[in-house]
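To start, the structure itself, in structure tokens.
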Amino acid sequence: MSALGDARLYGIVDLGYLSADTAPVAAEKLLEGGVDILQLRAKNADKSVIAGLAEEIHALTEPLGVPLILNDYPELLRDMPAEGAHVGQDDMSVAEARAAAERPVIIGKSTHSLDQARAAAEEGADYIGFGPLFATPTKPGRPAIGLGEIRAAYAEVDLPIFCIGGIKNENLVEVIAAGAQRIVIVSGWLKADDIAAAVASARRALENA
């Protein structure tokens with residue numbers, strides 16, 4: 001399995017943009033483009049649907065050494081082959097998520113400020129999401145935090161930090177210039193005419209920075 005520290009691109013198969021039928025196809029395209037981590041986000045889906053999709057997508061990620069992360073529901077990891085779970089600020093703690101999984105797994109945490117990023121590191125998260133940098137329909141009501149704290153977060157927090165929230169290929173140069181080294185793009189990739197090409201383009205932008 002790829003090391004988190006080497007990961008640059010984080011893709012999300014989000015049922016807010018996809019159906020259960022199209023999610024595995026999107027996963028395949030994200031992987032083809034070169035994502036290093038893949039998350040399954042299915043906020044309002046039945047747990048049985050999530051479990052079935054996770055098994056189908058894990059069959060794609062495992063041969064490539066790409067960790068599959070569940071958004072929420074770490075308890076599903078007891079009986080599923082995914083590598084980890086991601087929890088929000090208002091969800092359970094990192095320790096509670098690890099306990100729910102009942103086995104060694106990756107636990108990521110959403111953070112929305114430099115203080116929360118520091119706290120997540122102290123809490124024992126394996127990586128953090130940092131954002132939303134820009135306003136995004138994925139997180140309605142969550143104010144954008146802007147680009148001002150990115151560089152400080154990378155300097156002060158000794159964890160893989162994935163910037164997230166409203167990032168698209170079109171503003172990626174601006175995000176990289178503000179100090180981002182790892183990024184998450186959701187709708188910008190899932191709604192692209194060619195998902196794999198959009199992911200590959202983002203990778204080139206990061207590598208050429």
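Note that this is a predicted model, so its numbers are computed, not measured.
The heavy-atom pair separating Ala23 from Leu15 by the smallest distance is CB-CD2, 3.8 Å. When all heavy atoms are compared, the tightest approach of Ala178 to Leu147 is CB-CB, 3.8 Å. Between Asn171 and Gly166, the shortest heavy-atom contact is ND2-O, 3.1 Å. Nearest heavy atoms, Ile128 versus Leu159: CG2-CD1, 4.0 Å. In terms of heavy-atom proximity, Ala125 sits nearest to Lys109 at CB-CB, 4.3 Å. Closest approach of Arg78 to Ala101, counting heavy atoms only: CG-O, 3.4 Å.
In the hydrophobic clustering of this structure, Leu30 groups with Leu64; members are Ile, Leu, Val, Met, Phe, Trp, Tyr whose side-chain heavy atoms approach within less than 4.5 Å, directly or through other members. Transitive grouping of hydrophobic side chains (ILVMFWY, heavy atoms separated by less than 4.5 Å) brings Ile57 and Val49 into a common cluster.
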* To do: Please report the C-alpha distance between Ile183 and Leu9 in whole Å, then the side-chain angles of each, then the deciding distance to 0.1 Å, and finally whether the side chain to side chain contact (heavy atoms under 4.5 Å, CB included) criterion is met.
  => CA-CA 6 Å; Ile183 54 115; Leu9 298 183; 3.7 Å; yes

* **side chain to side chain contact (heavy atoms under 4.5 Å, CB included) between Gln39 and Val184, worked out** => CA-CA 10 Å; Gln39 181 186 121; Val184 184; over 6 Å; no

* Decide yes or no on salt bridge (charged side-chain N to carboxylate O under 4.0 Å, His left out) for Glu32 and Lys29, but give the supporting numbers first. => CA-CA 5 Å; Glu32 180 184 333; Lys29 295 298 183 183; 3.8 Å; yes

* Please walk me through it: do Trp189 and Val35 pass side chain to side chain contact (heavy atoms under 4.5 Å, CB included)? -> CA-CA 11 Å; Trp189 286 343; Val35 296; 3.9 Å; yes

* To do: For the pair Leu133 and Ile145, evaluate side chain to side chain contact (heavy atoms under 4.5 Å, CB included) and give the outcome as yes or no after the intermediate values.
  => CA-CA 5 Å; Leu133 302 186; Ile145 67 171; 4.2 Å; yes

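Checked by atom type and distance alone, the side chain of Arg98 pairs as donor or acceptor with a backbone atom of Val105 at under 3.5 Å. Checked by atom type and distance alone, the side chain of Glu83 pairs as donor or acceptor with a backbone atom of Leu68 at under 3.5 Å. At least one donor-acceptor pair under 3.5 Å links the side chain of Tyr154 to the backbone N or O of Gln181. A distance-only check finds no donor-acceptor pair linking the side chain of Ser201 to the backbone of Ala198 [under 3.5 Å]. Side chain of Gln89 to backbone of Ser110: a donor-acceptor contact under 3.5 angstrom is found. With hydrogens and angles disregarded, no donor-acceptor distance shorter than 3.5 Å links the side chain of Arg182 to the backbone of Gly129.
Separation of atoms CD (Glu149) and CD (Gln116) is listed at 10.0 Å; rounding is to 0.5 Å. Rounding to the nearest 0.5 Å places CG of Leu114 at 13.5 Å from CZ of Arg151. Expressed to the nearest 0.5 Å, how far NE2 of His58 lies from CE of Met80 amounts to 8.5 Å. Interatomic distance, CD1 of Ile176 versus CD of Glu207, reported as 10.5 Å (0.5 Å rounding). Between the CG atom of Leu40 and the CD1 atom of Ile50 there is a distance of 6.5 Å, given to the nearest 0.5 Å. Here the CG-CZ distance, from Asp72 to Arg41, works out to 9.0 Å after rounding to the nearest 0.5 Å.
No more than 12 heavy atoms of other residues, nucleotides or ligands sit less than 6.0 Å from atom CD of Glu28. More than 12 heavy atoms of other shown residues, nucleotides or ligands fall within 6.0 angstrom of atom CG in Asn208. For Lys43, the NZ atom sits in a packed shell: over 12 heavy atoms of surrounding residues, nucleotides or ligands are nearer than 6.0 Å. More than 12 heavy atoms of other residues, nucleotides or ligands shown are found within 6.0 angstrom of CG on Asp46.
Between Ile69 and Tyr10, the closest side-chain pair of non-hydrogen atoms falls below 4.5 Å. Contact annotation: the side chain of Thr61 never approaches that of Pro67 to less than 4.5 Å [non-hydrogen atoms, C-beta and beyond].
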